[in-house]
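Structure first, commentary second.
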Amino acid sequence: MVVHKQSGVVVIKFGGTSVRYFLRDAVRFTQIFGEDCRVLVVVSAFARATNLLLSMAEERSIHYLEDFIKLHERWLDGLSIEEELRDLSRAMNRAYTFPCRAAYQDHVLSVGERVAAKIFASHLGNGVPVDAYHLLFTDGKFGDASVDLKRSAERMKIIRKIWESGKIPVVTGFLGNYLGYRTTLGRNGSDYTAGVLGHLLNADSIILMSDVEGVFTGDPKFIKDARVIPLLSYDRALLAAKLGMKRVHPKAIEASRRRIKILLGSTKDRRMGTTIGNVGMRVPIIVHRVHSPGYYRVSIIGHQERFREYKCIECKRDYQSYLVKDEELKDALRSMHEVVLHEIS
Ligand code: ASP
Ligand code: MG
């Protein structure tokens, strides 16, 4: 009797703090899935790496480079990242050879994810680092590129080959390729990479792991009794992401085409918090983002009653947005959340 191994496909993305501080947990989490599905890992650069590289692209300083190396040292275990560092210094020496400043910057930034993928793959044991430069073709909008799905589809054979050899591909998030130049997909773009690869490989689910277990009714950094929302619909998650919810990049939700479930969890304790799919709970969500110097825009999704004490700048059926001064943000979030929480308790 031939027993077929289950061949469900799962894309697991780890954010910058997961790879930097909880690499062992991330590797273990991946291996658990690897036992009976085809797993593809997407990694962000180590937390702070992208910012360091941004500074390096601006201004050459040996200190930034030392900091960059230090960031990864703990997990190198004899693994060499010479090749990536050489490429970095080559790019910095020849910035003038790039078609524009943004193209040069994207090349420098790419080193963060490339090093992270190499480290992750080596810790997995059976991991193969894959530079998304070879997988994802994008438009020419350096710094905020979008993936050309049609052209990239054909490259998925690289991934299938790795699976056939019994290994796990570890793909660099955030990166792409435009006419042979490196592009990046916008800050926090690794979620988007996971969404696109999930779509192109017909994944059963996309799992986005970070240091926050899911989407909360309000930012848990400010609101201590914010509650995690176990089930969230694509529409509501997308609206929240566009209005300032940072846990998932809106482009990742769009890339899933409302077909692939997106699961959110925290790497450290392997706790799964939110599933984004066709089924969602009608729980209000409070999000915020910078509006203009000195002001935040606080939005409440799925709550009918108006807050008269704040200036409403947009009132729609699905959400309301208020203008809140910097120094009033904390209090505003807390008092609004109290009202909202009362409604769901
Ligand atoms: N490393 C990139 C950034 O910090 C992409 C990501 O983390 O998703 O923006
Ligand atoms: Mg990051």
Side-chain angles (χ1 to χ4, degrees), residues 11-23 26 40-58 64 67-69 71-72 75 81 84-85 87-88 91 102-121 129-133 135-136 138 141-147 170-178 182-198 206-212 215 237 241-242 244-256 262-268 289-290:
V11 171
I12 311 175
K13 176 250 168 176
F14 294 101
T17 53
S18 297
V19 282
R20 179 167 172 197
Y21 300 109
F22 306 108
L23 187 64
L40 177 143
V41 175
V42 173
V43 288
S44 285
F46 279 39
R48 219 165 81 79
T50 304
N51 287 341
L52 273 174
L53 290 164
L54 261 180
S55 308
M56 263 191 254
E58 259 327 290
Y64 293 139
D67 285 352
F68 181 82
I69 296 168
L71 214 61
H72 302 89
W75 302 111
I81 55 167
E84 288 75 13
L85 297 180
D87 182 56
L88 176 63
Y104 156 71
Q105 187 170 295
D106 279 1
H107 193 107
V108 169
L109 291 187
S110 75
V111 176
E113 269 71 13
R114 286 154 64 196
V115 167
K118 200 170 188 181
I119 293 176
F120 198 105
V130 182
D131 189 337
Y133 175 82
L135 287 184
L136 301 177
T138 69
K141 204 165 167 211
F142 293 100
D144 191 25
S146 293
V147 177
V170 181
V171 180
T172 56
F174 184 51
L175 311 181
N177 177 336
Y178 173 68
R182 291 183 171 280
T183 51
T184 62
L185 311 180
R187 290 310 299 265
N188 301 314
S190 301
D191 281 5
Y192 176 35
T193 306
V196 162
L197 290 172
I206 297 164
I207 306 181
L208 306 177
M209 302 298 283
S210 82
D211 51 353
V212 181
V215 178
K242 286 185 170 168
M245 182 268 287
K246 284 165 211 76
R247 183 57 183 78
V248 189
H249 198 294
K251 279 174 132 181
I253 304 169
E254 281 163 347
S256 77
I262 302 176
L263 281 62
L264 311 178
S266 98
T267 306
K268 182 173 63 170
R289 66 164 191 234
V290 174

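Counting starts at 1 for both ligands and their atoms, following the listed order. Quantities reported herein were computed from a predicted structural model and do not represent experimental measurements. No hydrogens, no waters, no symmetry mates; every other heavy atom, side chains included, goes into these values.
Atoms of ligand 1 lying under 4.0 Å from at least one heavy atom of Glu113, given by number and element, are 1 (N), 2 (C), 5 (C). Atoms of ligand 1 lying under 4.0 Å from at least one heavy atom of Ser44, given by number and element, are 6 (C), 7 (O), 8 (O). Contact atoms of ligand 1 toward Arg187: 3 (C), 4 (O), 9 (O) (distance under 4.0 Å to a heavy atom of the residue).
Counting heavy atoms from C-beta outward, Leu54 and Gln105 have side chains that approach closer than 4.5 Å.
Side chain of Thr17 to backbone of Ala47: no donor-acceptor contact under 3.5 angstrom is found.
Evaluated for a side chain to side chain contact (heavy atoms under 4.5 Å, CB included) with Ile207, the options Ile262, Ile12, Leu264, Val42 yield exactly one hit, Ile12.
By the 4.0 Å heavy-atom criterion, Gly189 is counted among the residues contacting ligand 1.
More than 12 heavy atoms of other residues, nucleotides or ligands shown are found within 6.0 angstrom of NZ on Lys246.
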